[in-house]
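Please read the structure below before turning to the comments.
Just so it is clear, the values below take in all heavy atoms, side chains as well, and ignore hydrogens, waters and symmetry mates.
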Amino acid sequence: MIQGVQTQQQPDNAGGLVTLPSLLGLPETASPNCRDIEFGLGGAFGKRAGVSSTNSVVLTSTAGWASVDFGAAALRWHVVAAGTGIYASSNRGTAYVAVATNRSQYFQSFERSKSFLMAASDTYDRVMYWAGSVGTFFLGMPISSAPAAKYPLDFGGFLLLMNGSGGYGRVVTYADNNAIATDPWTSSFEVGSSQDDEITGGTSYNTRAYIFTKYTTHQVSQVGGNPDFSVRQIKDWGAVPHTIEKVTYGDLGEVIICLGYDKRVRIFDGSDERIISTPAEQNNNLTPLYFENINGAQITRCHAEVDTQKQLYKLWVVMSPSTEVTHCFNLNLRTGAWFPYTADTIQSATMALSNNTRVLLQVAQAGRVSIVDSGNTDNGVAIDEVYDSRPLFGPTPGTVSKHRRVEFFFAPTSSGTIYFQDVQNLNRTFGVARDTFVLSGASATVLAKKVIDLPVSQSVIQFRMSNSASTAPPWTCVRYDVEKTPLGTGDS
């Protein structure tokens, strides 16, 4: 259980975005303001990689309501809900064929049940299923029996259809997953909560299912006989639709992770939970990218996917005052560091397999499917990254120091022109670039070293690194050191 695990202290070099008001107590490589910076292992940080499009012909202008990787017989399909249809690609996003029509242009949900891919929608479209055979289409579930529902979940040999239409938002209707097209769908149970509540999703975990509403969490156990399931409420917090995932988090092993309507991210092991978004929740007046700034009126447009290659929980969010997805909060599942990327109108994402390789495919609202971490730009658009250091000082913020220089060590493949700016004594405005240096990407040494002269006598300094929307390959800083000589206490 989470509360029973003696976790190792998070290292100071975990870094990431930290927006806590305690600006003078940030970890070593933490940043109070960063954008499009990836924080890796061992304290390394640097410009993120870009994305490159796979489909030369865009799907529709309202694409990405859901996407999934679906294996059927000898083929793997990348399936995308776009416009009023559902499209499938057998070559990992290069070309698509239509496999369903007459869908609402709003968020959908996919779930595998036995050999079928189930499709449901947040607007109660008819639930459909598809076997994945070439040249075939999704088939609609029997209207006379199977209910319209928002979220399908396969659990314990049953297909559960959750949040039914017509005022049955807390009802789960289920049938044997071997007979979904012929079952009368007369079996159901209800999760207890208030009348204004509704189911927002669920997942199977270990031997149980966990069903979330806006306000509560329920544990579902299979007992067999009549009834088939036992249900009990176990938590007084819920989850936002399409943000519920299972991840391997640090030394806790596999846990459930989700965003709540309170704009906090929790991990949960079926018994205990832990809020893990704390470092980036509050407004520090230095960055607009913090969890409390998520547009609450549009929180159901947030969605998540797990990048199993890089071990990231990627949460696409709508930052105020926007009404569409604007950024992606990345959680490094090994270190616990959060860091935000620019991600305008990304509607869905999924890990996709092909030829024993796995990539993360994201779908933009304009119909473009792209491979994440596959280029130096975002489909030709330069990445404008920014990294602000934490405030740097001697033994105390009141100790004046003669600063001499800053030494940076970069990975030998780092490229681009880096602009170095600094500010003293907690001022808000960075000055003009003090120095500019070029990383060639072909260092003959193990690490590329760059030294910036910083002849200032101040108590607190802070620096900014950026590269002015360069299209060069990403750079990675593995360490930096500030050389200074303490002069004593007092005003600088």
Side-chain angles (χ1 to χ4, degrees), residues 1-2 109-122 124 126-129 141-142 144-246 254-258 260 266-273:
M1 294 187 295
I2 290 176
S109 295
F110 292 125
E111 173 82 357
R112 188 187 188 100
S113 182
K114 301 289 283 189
S115 60
F116 295 111
L117 179 64
M118 310 302 301
S121 82
D122 286 13
Y124 298 111
R126 186 178 179 185
V127 178
M128 307 179 76
Y129 63 98
M141 297 282 280
S144 60
S145 56
K150 287 187 178 183
Y151 312 110
L153 175 64
D154 192 84
F155 169 65
F158 293 88
L159 175 62
L160 282 59
L161 298 181
M162 305 181 292
N163 191 334
S165 62
Y168 294 93
R170 292 179 287 117
V171 173
V172 178
T173 306
Y174 62 92
D176 190 309
N177 60 12
N178 291 301
I180 59 174
T182 58
D183 194 278
W185 288 88
T186 55
S187 299
S188 66
F189 61 85
E190 184 174 348
V191 296
S193 188
S194 57
Q195 189 64 35
D196 62 338
D197 202 3
E198 64 175 310
I199 293 172
T200 57
T203 187
S204 59
Y205 175 65
N206 292 332
T207 60
R208 296 183 172 92
Y210 293 88
I211 295 177
F212 300 87
T213 72
K214 292 191 293 184
Y215 312 134
T216 59
T217 300
H218 300 262
Q219 185 184 78
V220 180
S221 303
Q222 188 176 13
V223 295
N226 187 13
D228 297 292
F229 301 101
S230 66
V231 185
R232 66 187 183 99
Q233 179 181 328
I234 56 174
K235 297 295 176 182
D236 289 322
W237 50 264
V240 173
H242 311 295
T243 68
I244 305 161
E245 298 287 344
K246 289 182 287 189
E254 186 178 64
V255 293
I256 299 171
I257 186 171
C258 60
R266 292 173 172 84
I267 55 173
F268 173 57
D269 67 357
S271 176
D272 301 317
E273 78 274 8

### Message
Return the CZ to NE2 distance between Arg208 and His218, rounded to the nearest 0.5 Å.
### Response
15.5 Å

#### Entry: CG-OG1 distance between Asp122 and Thr200, expressed to the nearest 0.5 angstrom
10.0 Å

### Query
Using 30° and 60° as the class limits, which term best fits the ring planes of Tyr174 and Phe189: parallel, tilted or perpendicular?
tilted

### side chain to side chain contact (heavy atoms under 4.5 Å, CB included) partners of Ser165, counting only residues at least two apart
Tyr124, Ala148

### Message
Assess the residue pair His242 and Ser109 against the criterion (side-chain contact (heavy atoms from CB on, under 4.5 Å)); give the C-alpha distance rounded to whole Å, side-chain angles, the decisive distance to 0.1 Å, and a yes or no.
### Response
CA-CA 8 Å; His242 311 295; Ser109 295; 3.2 Å; yes

Heavy atoms of other groups near [X] [atom1], more than 12 under 6.0 Å:
X      : atom1 : value
Arg112 : CZ    : yes
Tyr168 : OH    : no
Lys114 : NZ    : no

For the side chain of [X] and the backbone of [Y], is there at least one donor-acceptor N/O pair under 3.5 Å apart?
X      : Y      : result
Lys150 : Leu161 : no
Arg170 : Gly192 : no
Gln222 : Gly156 : yes
Ser113 : Asp154 : no
Trp185 : Ser144 : no

### Query
Can the ring centroids of Tyr205 and Phe268 be said to lie less than 6.0 angstrom from one another?
no

### Message
Here's a test for you: under side-chain contact (heavy atoms from CB on, under 4.5 Å), which of Ile199, Asp197, Val240 qualifies with Lys214?
### Response
Asp197

### Task
Kindly write out the residues that satisfy ring-ring contact (aromatic ring centres under 6.0 Å, His included) with Phe110, not counting sequence neighbours, or none if the list is empty.
none

### Task
Check whether any side-chain heavy atom of Glu111 sits under 4.5 Å from a side-chain heavy atom of Leu153, and report yes or no.
yes

